[in-house]
Each structure stands twice: as C-alpha cells, then as structure tokens.
Amino acid sequence: MTWISATGYLASALVFISFCMRRMMPLRAVAAGSNVCFIAYGLFGHIYPVFLLHLVLLPMNGWRTFEMMRLIRRIEIAGGGDFPLQPLRPFMRTAHQKAGEILFRRGDTADRLYVITKGEIVLEQIDHVIRPGAVFGEIALFSAEHRRTQTARCLSDVDLLWITEESLAQVCYQSPETAFHLLRLITNRLIADLTRLEAPPPAMLHD
C-alpha cells in the first residue's frame, strides 16, 4: 500500500469517526483533519474533484469552528446565572438589537427563549430591568396560549442568545437536568413576579 492510498483510507476513517461524534468542537477538528488528508490524497493521487472539494470545505470548517468558539465565549459570559447553558450551546443562535427597539410585545406569540450577553432590557408591564446573564421569555413558552405576558424593550444596544421552542424541547427530552433547572427557574420567576405585584405601594410624601 502506498502512502497516498493510506492517506485516503485515513481521510475516510476520519469522516466515519466524525459521524459518530456528538460534541461539536471535536467533530469540527476531526472534520478539518479529514479535509487535510483528502486534499493530500486528491492532489498527489491526481483525483482533482476530491482535491477541489476539500480545498473549499477546509476554510468552511475553519469558519464554523471560529463561530462556535465565539458562541462558546458568549455562553460562558452568560452562564454566570443560575441556569446551565452548556446543554443548549449547540442549538443557540445570536442576535443584536438596537437601543429603543422592541424585542417582543405583550400578546405576541412566543417561540423563543432568550439570554442576554450584553446590554439591558426592561419588561415594561412590571418595570423590571434584566441584565447580562439573565434568561427570559421562558414562561410564555410553557403557557397554554403561548402568548407573551410582557413587552420587552431594549434600554441599550443588546446582544442576545436565543433558542427555539422545538430545540429547547429536544434538549429537555435528552437532558432531564436541564428540564429540572428550567422548571425551578420558572417557579422562582413566578414567585418573584407575584411578590412584586403584592408589594404595597411606597408611602406618598407630603410637603
């Protein structure tokens, strides 16, 4: 067996291994390794379609890896709260909102859970400001009507992570611990909102 054939077999083995992996970052590394092997195999074996294909795929893998590393950093920043975000990482996307923009309005259909990584958002009906690390939008996802109970307005430029209801449900099925933490988060949030509503108004000052 020549080294060119061995490189081709190694590249194929790496592709097979990548299909067996579940963690995204190791998968990207193995996929990039297979790209490099296929590039060498295609070039020195004079199989130019294979060479050109993986010459294109290698920088694409590099870019996806960079995007994933950036997302991981954002999740680490947001993960200082009481809700574990690591199981959600493969499903989360990023978004940016300008100061003054409305993220969602009371009565809107709810289909996403959000996490702030930068900036501040006010929930207008209860005049409550949420800051980096906060998870929000979860209550409406689990309500019967799937309707937002608050209007969320950006007090500053805001960076967000978000996950769809379908992806969140998938994570909860696969990770009961995440479902438990989410249940505790919703319960504590409802208790805090109830306490806030039942608090007596501040005494009025008289001249």
Side-chain angles (χ1 to χ4, degrees), residues 1-81 83-98 101 103 110-119 132-133 135 137-138 141 157-179 181-182:
M1 178 186 297
T2 66
W3 72 268
I4 295 177
S5 297
T7 302
Y9 283 117
L10 175 60
S12 300
L14 290 174
V15 171
F16 177 78
I17 292 172
S18 70
F19 277 94
C20 299
M21 303 179 74
R22 295 186 177 182
R23 296 181 62 188
M24 188 58 64
M25 289 299 292
L27 186 152
R28 288 293 178 190
V30 171
S34 72
N35 294 149
V36 172
C37 291
F38 270 122
I39 288 172
Y41 175 66
L43 179 61
F44 294 102
H46 306 290
I47 309 174
Y48 296 112
V50 171
F51 167 73
L52 292 174
L53 173 62
H54 289 275
L55 193 64
V56 173
L57 290 178
L58 181 59
M60 291 178 63
N61 257 322
W63 175 251
R64 293 299 186 187
T65 301
F66 170 76
E67 286 185 325
M68 182 59 65
M69 292 176 64
R70 184 170 59 181
L71 179 60
I72 289 172
R73 285 197 296 269
R74 290 188 176 185
I75 289 177
E76 287 174 349
I77 293 173
F83 186 80
L85 297 177
Q86 292 303 318
L88 309 183
R89 186 175 69 191
F91 303 92
M92 301 196 85
R93 300 292 181 266
T94 59
H96 179 78
Q97 301 286 138
K98 296 290 187 181
E101 289 184 346
L103 182 62
D111 62 352
R112 296 178 181 181
L113 178 142
Y114 296 93
V115 183
I116 300 180
T117 60
K118 178 183 177 183
V135 178
E138 76 290 343
L141 288 182
D157 288 358
V158 172
D159 289 334
L160 297 163
L161 300 170
W162 60 269
I163 183 172
T164 64
E165 178 186 6
E166 293 79 9
S167 295
L168 181 61
Q170 182 178 343
V171 174
C172 288
Y173 287 138
Q174 295 176 351
S175 173
E177 296 84 359
T178 300
H181 283 290
L182 188 59

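Worth knowing before you read on, the calculation uses all heavy atoms, side chains too, and leaves out hydrogens, waters and symmetry mates. Since we're looking at a predicted model, the values are computed, not measured.
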_Leu53 and Leu57, any side-chain heavy atoms less than 4.5 Å apart_ = yes

*What do the steps show when you test His96 against Asp157 for side-chain contact (heavy atoms from CB on, under 4.5 Å), and what is the final call?*
CA-CA 7 Å; His96 179 78; Asp157 288 358; 3.9 Å; yes

*asked:* Contact between Glu165 and Arg112 at the side-chain level, heavy atoms closer than 4.5 Å - yes or no?
replied: no

*If you round to the nearest 0.5 Å, how far is CE of Met92 from OH of Tyr114?*
11.0 Å

*Can you pull the salt bridge (charged side-chain N to carboxylate O under 4.0 Å, His left out) pairs that have at least one residue in residues 51-61, sequence neighbours excluded?*
none

_Reported CD1-to-CG distance for the pair Ile17 and Leu10, which is rounded to 0.5 angstrom_ = 8.0 Å

Only distances under 3.5 Å count here; give the side-chain donor-acceptor pairs of residues 32-52 to other protein atoms, sequence neighbours excluded, each with its distance to 0.1 Å.
residue : atom : partner : partner atom : Å
Ser34   : OG   : Ala31   : O            : 2.6
Asn35   : OD1  : Asn61   : ND2          : 2.7
Asn35   : ND2  : His54   : ND1          : 2.9
His46   : ND1  : Tyr48   : OH           : 3.0

_I need the Met60 CE to Thr65 OG1 distance, nearest 0.5 Å._
11.5 Å

_Nearest 0.5 Å, please: how far is OG1 in Thr117 from CG in Leu160?_
6.5 Å

_Flag side-chain contact, heavy atom, 4.5 Å: Leu113 against Trp162_ = no

*Thr94 and Asp159, any side-chain heavy atoms less than 4.5 Å apart*: no

